[in-house]
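Letters go in sequence order (proteins before strands), and every chain restarts at 1. Computed from heavy atoms alone, side chains included, the values below leave out hydrogens, waters and symmetry copies.
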Number of protein chains: 2
Amino acid sequence: MSEVAATGISVLLVDDHPIVRQGYRRVLESQGDLHVVAEADNAADAYGAFKAHAPDVVVLDISMPGASGLEAIRNIRARSPRARILVFTMHNEAVLVKAAFSAGASGFVTKSSEPSAVVNAIRSVARGERAMSDDIAHVLAEDSLSPTGSVLDQLGEREIEILRQFAGGATTEQIATHLNLSVKTVQNYHYLIKTKTGARTDAQLVRLAASCGLTRI
Amino acid sequence: MSEVAATGISVLLVDDHPIVRQGYRRVLESQGDLHVVAEADNAADAYGAFKAHAPDVVVLDISMPGASGLEAIRNIRARSPRARILVFTMHNEAVLVKAAFSAGASGFVTKSSEPSAVVNAIRSVARGERAMSDDIAHVLAEDSLSPTGSVLDQLGEREIEILRQFAGGATTEQIATHLNLSVKTVQNYHYLIKTKTGARTDAQLVRLAASCGLTRI
DNA sequence: CGCAGCTCGGGCAAATTTCCCAAGCCGGAT
DNA sequence: ATCCGGCTTGGGAAATTTGCCCGAGCTGCG
């Protein structure tokens, strides 16, 4: 860590908005110990940039067009398990946070955070620690009744199938017919899936399903 | 206008993310002729800041919690018709663009734009010209040629705002609180939106919103 | 002026969601 | 073999939401 302080921390910035990247770059560079060595504007390029520059920390917005940011996390971590990834986004849904961590993220910071909190999170992640902003800790705490891992791992096969069809736009009756179940059973699954994933609304469920690749939009 | 060039252009930044504001500030200040004289993190404070600092240009993100950014535009313009407002957001829906201009915006630039395009737009707006980024011009052009308007064209401004928040994962109560409406009204809008768009389930609504660029997954 | 459209909300029956519960089944642990 | 735990399937009842109708205020427009 002392050598980290001496060398500084190299950062790969991944965000699809050029001016936002530029702004972050300036904020980070002004810190003295943070150096943006590369940028990427989509999930696909993120891994290439990671390979090429081996940054200490990847700062990435998971709400990007094209492939999900969660995919990018898995992609990078699968091939470089020591990668440190800090998710930096405006979303603060518990399901997303859990999905990001189980995909291999080291930290999760919202854009509502103070700049100082963001740079501190980058330093924490660079040291190998987990980091999250206060608001994220709060939503996780509220949510804190499912200690189990990946969002989809806690779902059974039937639940996943029903989630897929639901997120695809099917009505409860259609799902019941497709699967030869009673409407009541499908309703119960619907409820179960929501509680298991921590989604509070159907919209969050759809977003979750989409971010896990369960459905395409 | 020559005195504008001599004095520089004063800017009020309105965005709800502190670090994003800080980033923009640095990018703009680095131009030499642009000076950020004030910031606001919500629509309600925007007018107060405008009054206090009389900036040449207001740069404002319309996707903020609380009152709609469109409200803020109308608010400022109603009391200071000479105000120059540049909308700066990640959304690129034709309906939103048209709503912003008819609310009194002088320009509309997306965050996908190059930083140079953004600063040039600020300068154009400061000169009293209309400004928009290339992608916005493109969607407006497409929109004016399309015989069958977008699904979103049949929705009112409030409906679009509520659809955006809903698709983003907000609960009915959260939306009601954000927009200072009764829960009942939000429920009615929810229903209206469904019937107008023909969506049968909330999931279909989310997919529709996503495919129109109203929200991102 | 009148009409149309948007915004905002009340009302009320019907439907759905939210929880709690039970039973059958199956695989693994004891 | 037996028990435990998890998955699957559904019933039931209270709480909430939806579906649809309504009116009122406001604004812009012919």
Side-chain angles (χ1 to χ4, degrees), chain A residues 142-143 145-167 169-206, chain B residues 43 66-71 73-75 77-78 95-96 98-104 149 151-167 169-206:
Chain A
E142 294 239 339
D143 184 78
L145 278 184
S146 57
T148 41
S150 164
V151 188
L152 282 189
D153 288 347
Q154 51 191 322
L155 296 182
E157 202 176 303
R158 216 85 249 238
E159 291 161 343
I160 289 185
E161 180 57 32
I162 286 173
L163 174 56
R164 183 203 320 283
Q165 296 198 21
F166 170 77
T171 67
T172 302
E173 293 89 5
Q174 287 171 339
I175 298 176
T177 303
H178 290 156
L179 300 180
N180 261 105
L181 296 175
S182 82
V183 169
K184 182 65 195 178
T185 300
V186 177
Q187 289 173 340
N188 275 335
Y189 272 118
H190 190 341
Y191 169 71
L192 242 190
I193 294 167
K194 271 206 218 175
T195 58
K196 276 191 179 181
T197 59
R200 320 245 299 97
T201 67
D202 288 349
Q204 289 181 15
L205 221 45
V206 175
Chain B
S68 157
L70 294 175
E71 281 305 326
I73 297 177
R74 264 188 287 275
N75 223 322
R77 293 277 301 188
V95 275
L96 256 189
K98 290 195 281 190
F101 277 118
S102 73
V151 195
L152 292 187
D153 286 345
Q154 48 192 323
L155 297 182
E157 187 182 299
R158 217 81 256 233
E159 291 161 342
I160 289 184
E161 180 58 30
I162 286 173
L163 173 56
R164 184 208 319 290
Q165 296 197 21
F166 170 76
T171 67
T172 301
E173 301 95 60
Q174 286 171 340
I175 298 176
T177 302
H178 287 156
L179 300 181
N180 263 111
L181 295 176
S182 83
V183 168
K184 181 63 190 178
T185 299
V186 177
Q187 289 173 340
N188 276 333
Y189 273 115
H190 190 341
Y191 166 70
L192 246 187
I193 294 166
K194 272 206 219 173
T195 58
K196 276 191 180 181
T197 60
R200 322 245 295 90
T201 69
D202 287 351
Q204 290 178 14
L205 221 45
V206 175

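Residue contacts shown for A/Glu161 are absent, as no nucleic acid heavy atom lies under 4.0 Å away.
Taking side-chain N and O atoms only, B/Thr185 has no distance below 4.0 Å to OP1 or OP2 of C/dC8. Proximity of B/Ser182 to the phosphate of C/dG9: a side-chain N or O atom is located under 4.0 Å from OP1 or OP2. Taking side-chain N and O atoms only, A/Tyr191 has no distance below 4.0 Å to OP1 or OP2 of C/dT18. For B/Tyr189, a side-chain nitrogen or oxygen approaches OP1 or OP2 of C/dC8 to under 4.0 Å.
If you measure from atom CD of A/Glu173 to atom P of C/dA15, you get 10 Å, rounded to the nearest angstrom. Rounded to an integer number of Å, the gap from CG of A/Leu181 to C1' of D/dG11 is 15 Å. Straight-line distance from the CG atom of B/Asn188 to the P atom of C/dG10: 9 Å, rounded to whole Å. Residue B/Gln187 contributes atom CD, which lies 16 Å from atom P of C/dT16 at whole-angstrom precision. Atom-to-atom, CG of B/Asp202 to C1' of C/dA15 comes out at 14 Å; the value is rounded to the nearest Å. The separation between A/Lys196 atom NZ and C/dC19 atom P is 16 Å, rounded to whole Å. To the nearest angstrom, C1' of D/dG23 lies 15 Å from CG of B/Leu192. Atom NE2 in A/His190 sits roughly 9 Å away from atom C1' in C/dT16 (whole-Å rounding).
Salt bridge A/Glu173/B/Arg200: absent, no basic N to carboxylate O contact under 4.0 Å.
Taking all atoms of both residues into account, the shortest heavy-atom contact from B/Phe166 to B/Leu205 is CE2-CD2, 4.1 Å. Annotation for B/Ala170 and A/Thr201: closest pair O-CG2, 3.9 Å, computed over non-hydrogen atoms. B/Arg74 and B/Ala103 get closest at one heavy-atom pair: NH1-CB, 3.6 Å.
At a cut-off of 3.5 angstrom, the base of D/dG19 holds at least one donor-acceptor pair with the side chain of B/Lys184. The base of D/dT17 lies outside donor-acceptor range of the side chain of B/Lys194, with no N or O pair under 3.5 Å.
Taking CZ of B/Arg158 as the start and CG of B/Leu192 as the end, the distance is 14.0 Å to the nearest 0.5 Å.
In this structure, of C/dT7, D/dT9, D/dG12, it is C/dT7 that holds the atom nearest to the side chain of B/Arg158.
The 5' end of DNA chain D is approached more closely, in terms of each residue's nearest nucleotide, by A/Val183 than by the other of B/Arg200 and A/Val183.
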